[in-house]
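A quick note: this is a predicted structure, and the numbers were derived from the prediction, not measured.
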2 protein chains.
Amino acid sequence: MVDRPARVTMMDIAAAAGCSQAAVSFVLNDTPGTRISQQTRDRVWEAARALGYTGATYTTKAAYSGLDNVIGFAVDQLATSPEAIVAIEGARQASWNAGNVLLVAQTLSDPVMEPKAIKALTSGGISALIYMTIYTRQIELPSYVSQLNIPTVLLNCYTADHAFPAVVPSEIAGGQSSTRHLITHGHHRIATITGEIWMQAAQDRLTGYRRALATADIPFDPELVIEGDWSAGAGYAATMKLLALKEPPTAIFCQNDRTAIGCYEALKDAGLHIPQDMSVVGYDDEEISRHLVPPLTTSVLPHLAMGQWAIEHLNPDSTPGKRYPIAKLECSLVKRHSVAAPRADTREIFDGGHTSP
Amino acid sequence: MVDRPARVTMMDIAAAAGCSQAAVSFVLNDTPGTRISQQTRDRVWEAARALGYTGATYTTKAAYSGLDNVIGFAVDQLATSPEAIVAIEGARQASWNAGNVLLVAQTLSDPVMEPKAIKALTSGGISALIYMTIYTRQIELPSYVSQLNIPTVLLNCYTADHAFPAVVPSEIAGGQSSTRHLITHGHHRIATITGEIWMQAAQDRLTGYRRALATADIPFDPELVIEGDWSAGAGYAATMKLLALKEPPTAIFCQNDRTAIGCYEALKDAGLHIPQDMSVVGYDDEEISRHLVPPLTTSVLPHLAMGQWAIEHLNPDSTPGKRYPIAKLECSLVKRHSVAAPRADTREIFDGGHTSP
DNA sequence: CGTATTTGGTAATTAATATTAGCATCTATC
DNA sequence: GATAGATGCTAATATTAATTACCAAATACG
């Protein structure tokens with residue numbers, strides 16, 4: 001480069017502050033063992049700030065830039081739901097022994113903010129990156145992430161090319177075990193209220209539901225699947241629709257807790273009691289679920305475990321071209337008091353008359 | 001320095017990778033317009049990583065280190081309570097227009113981790129720092145924070161020397177307005193269940209309580225102040241103690257929502273109804289409060305506003321020696337259904353016989 | 001087969017910063 | 001009022017990294 005007019009050097013600061021370049025170096029680096037008066041220090045700092053000193057050109061984007069054990073954690077949203085916090089906590093716990101520091105930035109799913117956030121993270125010299133999204137989904141990893149040349153793990157999302165380790169909740173298994181839990185309590189006529197069906201999670205939980213039915217040799221009845229939208233309102237409406245059926249279900253698998261809240265309301269309005277008249281299970285284990293009456297049986301999202309998994313799979317040997325399978329972690333069922341065996345009379349109808357002892 | 005054995009330079013990498021220093025520079029900087037084969041690039045990266053290349057020495061800790069608009073947010077705990085997240089969200093909203101990126105790190109109140117966290121934050125070249133604690137309290141700001149030479153704001157904490165702008169909730173005003181709310185509903189015999197009294201927040205809320213009584217010319221009765229510990233259990237015990245009083249109160253100001261939950265339980269067990277037999281107000285506006293029966297009147301902690309305030313007061317002109325007053329933001333009361341006028345009969349006793357129309 | 005062009009580098013130069021050594025000036029001390 | 005530090009700084013130098021200019025081998029091509 002022939003002309004570099006923009007760059008501010010220590011020489012410029014020295015000229016502005018009326019001292020030597022060496023003095024500027026001493027001040028800005030706070031070099032121990034040098035004697036510079038406070039006045040000169042102030043003048044230097046002031047000049048540096050006024051001129052917008054940016055440090056040396058020699059700040060290579062190279063790996064291990066000074067800080068070891070700093071792991072970047074990029075997530076699209078922090079405040080909207082607790083999952084991100086839980087995952088961060090899991091990551092923190094897992095890296096506790098190693099003394100790692102987590103640096104968290106929000107990408108806000110914004111084409112302007114995301115590169116800024118990632119740059120802010122990386123220019124600090126992180127040694128690894130965890131990239132998380134709030135909603136489980138396939139993503140296109142931006143090039144400025146994939147070309148970072150540091151170990152990277154995807155959390156709650158994955159790319160089509162499987163170029164990075166990725167971990168997501170096992171929603172299929174979760175839907176399956178929720179449904180199986182109802183089946184083992186003797187239910188045969190089990191309804192489900194889905195989320196917005198275009199979302200991966202909703203499809204997977206439904207798949208799990210069907211799989212559990214198939215495993216137990218219970219025929220699938222499309223009448224018992226109502227499409228919701230994760231909201232309590234949809235849960236209410238769907239439950240009402242189910243109750244109006246000629247053969248109403250004896251149990252409802254609500255595919256998230258908010259839907260279950262609407263379901264609770266509808267059952268109350270219909271004069272039915274949980275779990276005597278109707279068993280209900282939710283999904284997500286939101287804080288409120290344990291305070292419902294009766295406390296809701298639901299599945300915990302494994303975000304804590306996913307955070308831990310991510311840390312444990314930050315493998316430095318990134319063989320180029322390697323392909324990783326997507327890891328799926330179990331959503332464990334927390335059993336509370338919203339599930340019971342169906343009433344004998346109801347059960348007899350579908351059980352062909354023989355009741356269990 | 002005569003011997004510098006530790007420092008890894010591009011020369012070292014060049015030797016290890018079997019190429020020139022220039023080639024290393026090209027590769028690590030991804031300099032456009034240079035032709036380096038992929039094999040050489042790989043060798044260079046591998047060597048750089050193996051040797052632990054840390055970048056140039058010339059990475060001055062100077063101001064404005066490359067990244068403008070990156071604000072560090074250090075907080076002791078992220079996961080234990082939602083306040084930190086709310087404050088971060090407030091800060092994010094406030095800096096939205098400016099396009100700032102927030103970089104969040106947890107200090108974990110740990111003498112080992114905190115310096116690491118702060119260093120991770122600052123070495124990225126943040127232009128400002130917000131330092132937050134979960135519990136409102138006076139702190140000793142570590143020297144590596146106070147000597148950072150960037151605009152700094154304290155959130156939910158403050159130093160004895162007032163050397164930095166600081167913002168905390170106005171707990172005194174909050175306690176006062178909670179109590180006043182009960183007074184305006186006609187209550188004269190108002191109890192309070194405190195938190196752990198060594199905590200600033202508990203003391204301040206109690207002070208607000210006393211101040212509200214004094215303003216309304218209601219004599220302070222020590223019998224009506226029970227020391228709790230923020231827990232539901234303490235709330236239960238304290239309420240029972242209050243109910244056993246010769247002249248039980250008609251309203252209870254629980255100094256946090258969890259205490260109020262215990263209080264609700266105790267009242268239920270005593271066969272009393274809220275708000276007909278006893279008015280209750282809480283504090284903190286936890287998620288659960290709106291789902292209690294009846295929904296709890298409580299005060300919202302102003303963490304969102306505090307986050308915004310912090311961003312707005314990141315003033316770059318840090319005149320050395322300047323003193324800042326501690327800003328206090330209002331805890332606004334959210335009125336739900338746990339407060340009503342006292343029963344006429346109860347009120348008559350203390351009202352001297354004349355009831356309001 | 002000679003020549004042009006691309007590929008893949010190096011050597012030398014330059015820019016920027018860190019560090020060492022030393023030089024005035026002040027200040028306390030006898 | 002000489003003198004021995006201590007203080008506050010600069011000049012010179014050493015390191016390090018970025019960049020330019022150039023070079024040799026491989027490849028394409030008529």
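- To the nearest angstrom, P of C:dT7 lies 13 Å from CD1 of B:Ile36.
- Interface remark: the B:Gln21 side chain does not form any donor-acceptor pair with the C:dA11 base, using a distance-only criterion of under 3.5 Å.
- Rounded to an integer number of Å, the gap from A:Asp12 CG to C:dA16 C1' is 11 Å.
- For A:Met10, whose side chain is taken as the heavy atoms from C-beta onward, the closest listed nucleotide among D:dT10, C:dA12, C:dA18 is C:dA18.
- B:Thr34 comes within 4.0 angstrom of no nucleic acid atom, judged by non-hydrogen atoms across all strands.
- B:Leu28 places its CG atom 12 Å from the C1' atom of D:dA18, with the value rounded to the nearest Å.
- Contact check, A:Ser25 against C:dA18: a side-chain N or O comes under 4.0 Å of OP1 or OP2.
- In this structure, B:Ile311 and B:Ile130 have side chains that are in contact, with non-hydrogen atoms separated by less than 4.5 Å.
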Q: Evaluate side chain to side chain donor-acceptor pair (under 3.5 Å) for A:Asn156 paired with A:Thr133, printing each intermediate quantity in order.
A: CA-CA 6 Å; A:Asn156 207 32; A:Thr133 58; 4.6 Å; no
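- Using modelled atom types and a 3.5 Å distance limit, the side chains of A:Ser37 and A:Gln39 yield no donor-acceptor pair.
- In this structure, B:Arg35 atom CZ and C:dT7 atom C1' are separated by 6 Å, rounded to whole Å.
- No side-chain heavy atom of B:Ile88 sits under 4.5 Å from any side-chain heavy atom of A:Val104.
- The nearest whole Å value for the distance from the CD atom in A:Gln39 to the P atom in D:dT7 is 15 Å.
- If you take CZ of B:Phe26 and C1' of C:dA12, they are 12 Å apart, rounded to a whole angstrom.
- Candidate nucleotides C:dT17, C:dT7, D:dA17 were compared by shortest atom distance to the side chain of A:Thr9, and C:dT17 ranks first.
- The B:Ala22 side chain lies nearest to D:dT19 when the options are D:dC9, D:dT10, D:dT19.
- When rounded to the nearest whole Å, the span between CD1 of B:Ile13 and P of D:dA18 equals 11 Å.
- Checking the phosphate oxygens (OP1, OP2) of D:dC9, a side-chain nitrogen or oxygen of A:Ser37 falls inside 4.0 Å.
- Whole-Å rounding puts the B:Gln38 CD to C:dT7 P distance at 14 Å.
- For the residue pair A:Asp76 and A:Thr107, no side-chain donor N or O sits within less than 3.5 Å of a side-chain acceptor on the partner.
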